[in-house]
Number of protein chains: 2
Amino acid sequence: MSSSTTDSGPTRRPTRQRAALAEVMAATSEFLSAQDLHAKLQSRGDSVGLATVYRNLQAMASDGDVDVLRTDDGEAVYRSCGTAEHHHHLVCRECGRTVEVDGPAVEKWAAEVARANGFTDVTHTIEIFGTCTSH
Amino acid sequence: MSSSTTDSGPTRRPTRQRAALAEVMAATSEFLSAQDLHAKLQSRGDSVGLATVYRNLQAMASDGDVDVLRTDDGEAVYRSCGTAEHHHHLVCRECGRTVEVDGPAVEKWAAEVARANGFTDVTHTIEIFGTCTSH
DNA sequence: TCAGGATTGACAATCATTCTCATCTGGAAT
DNA sequence: ATTCCAGATGAGAATGATTGTCAATCCTGA
Ligand SMILES: [Zn+2]
Ligand SMILES: [Zn+2]
Ligand SMILES: [Zn+2]
Ligand SMILES: [Zn+2]
């Protein structure tokens, strides 16, 4: 019996490509696009296919290892945050500097609004943008 | 220098195309993509170029006449809401049914979080998704 | 009425993201 | 160590939403 019923997700083998990607992401604090990360890998000497970068970012995101958000023009950007806990972001639209924030009150508010309207399976998107002190 | 509240804004001439688009939007309550709206116009007999639909939606959005948000896959969807006041949305991911909501506490929280971190020119994005009662 | 800028539309061009599929590789079994 | 094979990769094609082009057309103010 090689089947494991407790397995939470698809098998995921370690590869040099994903390791390099994870490394680059760990070394960065801003939200970057798949293309940005691909370029960063290139300049570091790690050759990784663009499709592979996309695939791994998706995998990491669905595993909760990275956070994703959409820029104003719809581009997906990724960031490996300091915590796996649910949280949100305060992002500088000039330099990309990002602060991880949380707000129990907001979480409650969102849940309550949904409940009051009979909605279930609730999720939410909350991001704050601004210009940080260095501008 | 972007638009201020006292700015008269760019001249905007009335056209049959924009009128038709506004009409269709006023008759709809869900968030729809530019392509959806273009199709809807077609089936109504109003011939409007796709590019024109995109241009007008952008104009209407920047005029604050319609709200825009991004679906999970990055597609922009538009909706003409019942109020011009700042508000957010509770959207059913099954049928698109949308409820306009507001939360003074959340607005304050966002502003405070930003201020506490020295961010200025603050804006935020808040959307709640769920499954409504009819599912 | 008339000129000139705003608007439109058909279609090309972008461009991020996904798909294809032949090839490669990690690791479990032998 | 060698074999086996499903997961993983990569090069490039394909997709699809959005934007750019530019000549023709429409408003509007003089
Ligand atoms: Zn985060
Ligand atoms: Zn939250
Ligand atoms: Zn709205
Ligand atoms: Zn708000």
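- S47(B) comes within 4.0 angstrom of the backbone, heavy atoms only, and of no base.
- Remark: side-chain polar atoms of T28(A) are not paired, donor with acceptor, to backbone N or O of E30(A) under 3.5 angstrom.
- Under 4.0 angstrom from either OP1 or OP2 of dT8(C) there lies at least one side-chain N or O belonging to T15(B).
- When rounded to the nearest whole Å, the span between CZ of R12(B) and C1' of dT28(D) equals 17 Å.
- The separation between H38(A) atom NE2 and dC15(C) atom C1' is 15 Å, rounded to whole Å.
- The closest side-chain heavy-atom distance from L21(B) to L37(B) is below 4.5 Å.
- For the pair V77(B)/L32(B), no side-chain contact is recorded, criterion being any heavy-atom separation below 4.5 Å from C-beta on.
- Of the residues in residues 50-59 of chain B, those placing a heavy atom less than 4.0 Å from an atom of DNA chain C are A51(B), T52(B), R55(B), N56(B), in numerical order.
- Computed from coordinates, the Q35(B) CD to dT15(D) P distance equals 15 Å when rounded to whole Å.
- A side-chain donor-acceptor contact under 3.5 Å links R55(A) and T52(A).
- One N or O donor and one acceptor, one from the side chain of R13(B) and one from the base of dA6(C), sit under 3.5 Å apart.
- Contacts with DNA chain C (heavy atom under 4.0 Å) in residues 66-79 of chain A: E75(A), A76(A), listed by number.
- In this structure, D36(A) places its CG atom 14 Å from C1' of dC15(C), rounding to the nearest Å.
- At whole-Å resolution of the value, CZ in R18(A) and C1' in dT25(C) are 13 Å apart.
- The existence of a salt bridge linking E127(B) and R70(B) is excluded, since no basic side-chain nitrogen approaches an acidic carboxylate oxygen closer than 4.0 Å.
- Q35(A) and Y54(A) share a side-chain donor-acceptor pair at under 3.5 Å.
- No salt bridge links D72(B) with R93(B); every basic N to acidic carboxylate O contact stays at or beyond 4.0 Å.
- Side-chain polar atoms of E107(B) and H86(B) form a donor-acceptor pair below 3.5 angstrom.
- Aromatic ring centres of H89(A) and F31(A) lie closer together than 6.0 Å.
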Run H88(A) and H124(B) through ring pair (Phe, Tyr, Trp, His ring centres under 6.0 Å) and show every step you take. CA-CA 11 Å; H88(A) 298 286; H124(B) 59 249; over 10 Å; no
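- Recorded end-axis angle for the helix from dT1(C)-dA30(D) to dT30(C)-dA1(D) stands at 30°, based on five pairs per end and rounded to 10 degrees.
- Checking the phosphate oxygens (OP1, OP2) of dG9(C), a side-chain nitrogen or oxygen of Q17(B) falls inside 4.0 Å.
- Between V91(A) and R97(A), every side-chain heavy-atom pair lies at or beyond the 4.5 Å cut-off.
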